[in-house]
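We name chains A, B, ... by the order of the sequence lines, and we start the count at 1 in each one. Because the structure is a prediction, the values reported are computed rather than measured.
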Amino acid sequence: MDAEPFASGRSWVHRVDARLRIIAALVYSVILAVSNEFATLMPGLIISVLLTLMARLDAIAVSKRLLTILGFIALIWVMLPLTYNGDSYIQLGPLAISAEGVGLSARISLKTMAISMSFMALIATMSTATLGHALSRLGVSQRLVILLLMTYRYLFVLENEYHRLRRAARVRGFKPGTDLHTYRTYAYLVGMLFIRAAQRAERVYQAMRCRGFKGRFFTIADFPASPNNFMFSLLMAIFAAGLILMEFNW
Amino acid sequence: MTRTQDRTPIIRLTDITFGYPAAGPILHELNFSFYRNERIGLVAPNGSGKTTLFHLIMGLVKPVSGSVELFGTRMESEKIFARVRHRIGLLFQDADDQLFSPTVLEDVAFGPLNLGKSKKAAIDKSKETLAVLGLSGFEDRITIKLSGGEKRLVALATILAMDPEMLLLDEPTSGLDDATKHRLKSILRDLNLPYLLISHEFDFLKSTTDHIYTMNDGKILMDQELIIHSHEHAHVAGRQPHKHV
């Protein structure tokens, strides 16, 4: 199972210093998040699409991820137009649809898609390991970085343990249904998973102590200079400046 | 090194008793000494406390009573253990417990870095260790994507990178295919390090250890060495495949 399908690409975006990409993604998404004008958000969406193209991401894989996000956005489209209090309404049979609600839903949709696509192009194109190291170089707390890396490392180990437990239940004829027996079985399963996770953590910590761990982590990661770094910074700066100008109608 | 130092055991366990409340002792007044240049195999049923024994030696668990002496020093506290722990390399039963870094190189370099080596020295040492185990080119591999056999060998590399003076190997062959077992066998033979090896596989023990002992009633039975042997014998119809009961 490959949980990082975008990280293995070979585009020039992949070769840009991970720290720069993190900063760029952060700045870019803050700009989009606080913008209100469609004149900013529409170009933002286009820039994000451009970024995924430059990172040469598989269009189908990107669309699949977007669809998942659109599922949540669909809820907003149901809720906001009907409940938002504004001045103008569109009467649609017995329903009063708030024009402001529709505008707000559209903005949220645009922002969400643009920001998530930029993260696919800039952040998902690095491995979790690289992300962790880059964050630690950017001064993010060691504890948070370790938490990220360890979570990722043992996610799959725990997933395997979960599947093992489920298989064990299945071979003994367990079929999930809507009854107390099912709920109890799942409760046991989750409980067992917690116990296994705790035991695993204990053993990992023991193994670390055996190798001289005294509470301090050292990192050996390097971020070599590359001409792409300058190109990328320049490009993202132009995009950011352009978006800000659009927002203030200059 | 003088002769007297040579005769100091690396490990000396005296009257070790260990157990969990309500479950009775797992180890009971166990006495055991391990000397330099020994390669000892340990065979015992599951639940007889072999893994516990290794954890006691490393100071990961504390005995209820008795004393642990490593390199001639009595281990009285975690602080003293922390100082000598790296001189003994413990290979865990499950390599997933041992490999936690994202990449192989980082995992192998973890120990040397903890010992205060510079970044460059740690990387050099790690690459050298990987090369010795025939794992050159594995440096940037992602640890979770390694196969079971590769994980075991990398786990061994993480220990060897710390230059231990002896190894504790907890069922190193479990879950390995024959090819990797064979590779591990020749690695252990070439290492020139003393070790204490837990295994159920007589074939493996026979070619990697000099003495094989068993555990019973929470003790290591030093006076009942197992001798692996084979015989030749003759009888009628001996050419046909058959079983002896």
Pairs of heavy atoms under 4.5 Å with chain B: top-ranked of A129(A), A201(A), G212(A), S127(A) = G212(A)
Identify which part of Y154(A) has an atom lying under 4.5 Å from any heavy atom of chain B, answering side chain, backbone, both or neither.
-> side chain
Got F81(B) and R209(A) here, is their nearest side-chain heavy-atom distance under 4.5 Å?
-> no
Part of L60(B) lying under 4.5 Å from any heavy atom of chain A | both
Heavy atoms of C210(A) and M58(B) approach each other most closely as SG-CE, 3.6 Å
Flag side-chain contact, heavy atom, 4.5 Å: N114(B) against K214(A) | no
Before giving the answer on side chain to side chain contact (heavy atoms under 4.5 Å, CB included), spell out for V204(A) and Q98(B) the whole-Å C-alpha distance, their side-chain angles and the decisive distance to 0.1 Å.
-> CA-CA 6 Å; V204(A) 171; Q98(B) 217 145 8; over 6 Å; no
Test item: H86(B) and R211(A) side chains (from C-beta on) under 4.5 Å apart, heavy atoms | no
Tell me, side chain or backbone of E78(B) under 4.5 Å from chain A's heavy atoms, or both, or neither?
-> side chain
In terms of heavy-atom pairs under 4.5 Å, which option from T158(B), I159(B), I142(B), L105(B) contacts chain A the most?
-> T158(B)
Given a strict heavy-atom distance threshold of 4.5 Å, which part of L90(B) is in contact with chain A: side chain, backbone, both, or neither?
-> side chain
Are there more than 12 heavy atoms of other residues, nucleotides or ligands under 6.0 Å from atom CG of D140(B)?
-> no
Considering residues, nucleotides and ligands other than N192(B), do more than 12 of their heavy atoms fall under 6.0 Å from its CG?
-> no
Are R200(A) and D94(B) side-chain neighbours, meaning at least one heavy-atom pair lies under 4.5 Å?
-> yes
Check whether more than 12 heavy atoms from other residues, nucleotides or ligands sit under 6.0 Å from atom OH of Y188(A), and answer yes or no.
-> no
Is chain A contacted by the side chain of F100(B), its backbone, both, or neither, given a heavy-atom distance below 4.5 Å?
-> both
Over 12 non-hydrogen atoms of neighbours within 6.0 angstrom of CD1 in I60(A) = no
What part of D107(B) is in contact with chain A, defined as an atom under 4.5 angstrom from a non-hydrogen atom: side chain, backbone, both or neither?
-> both
Flag yes if more than 12 heavy atoms outside R19(A) fall under 6.0 Å of its CZ atom; otherwise flag no.
-> yes
Which value, rounded to the nearest 0.5 Å, describes the distance between R85(B) atom CZ and F213(A) atom CZ?
-> 12.5 Å
Considering only NZ, NE, NH1 and NH2 on the basic side and carboxylate oxygens on the acidic side, decide whether R203(A) and D96(B) come within less than 4.0 Å.
-> no
Working to the nearest 0.5 Å, report the span between CZ of F110(B) and CE of M208(A).
-> 4.0 Å
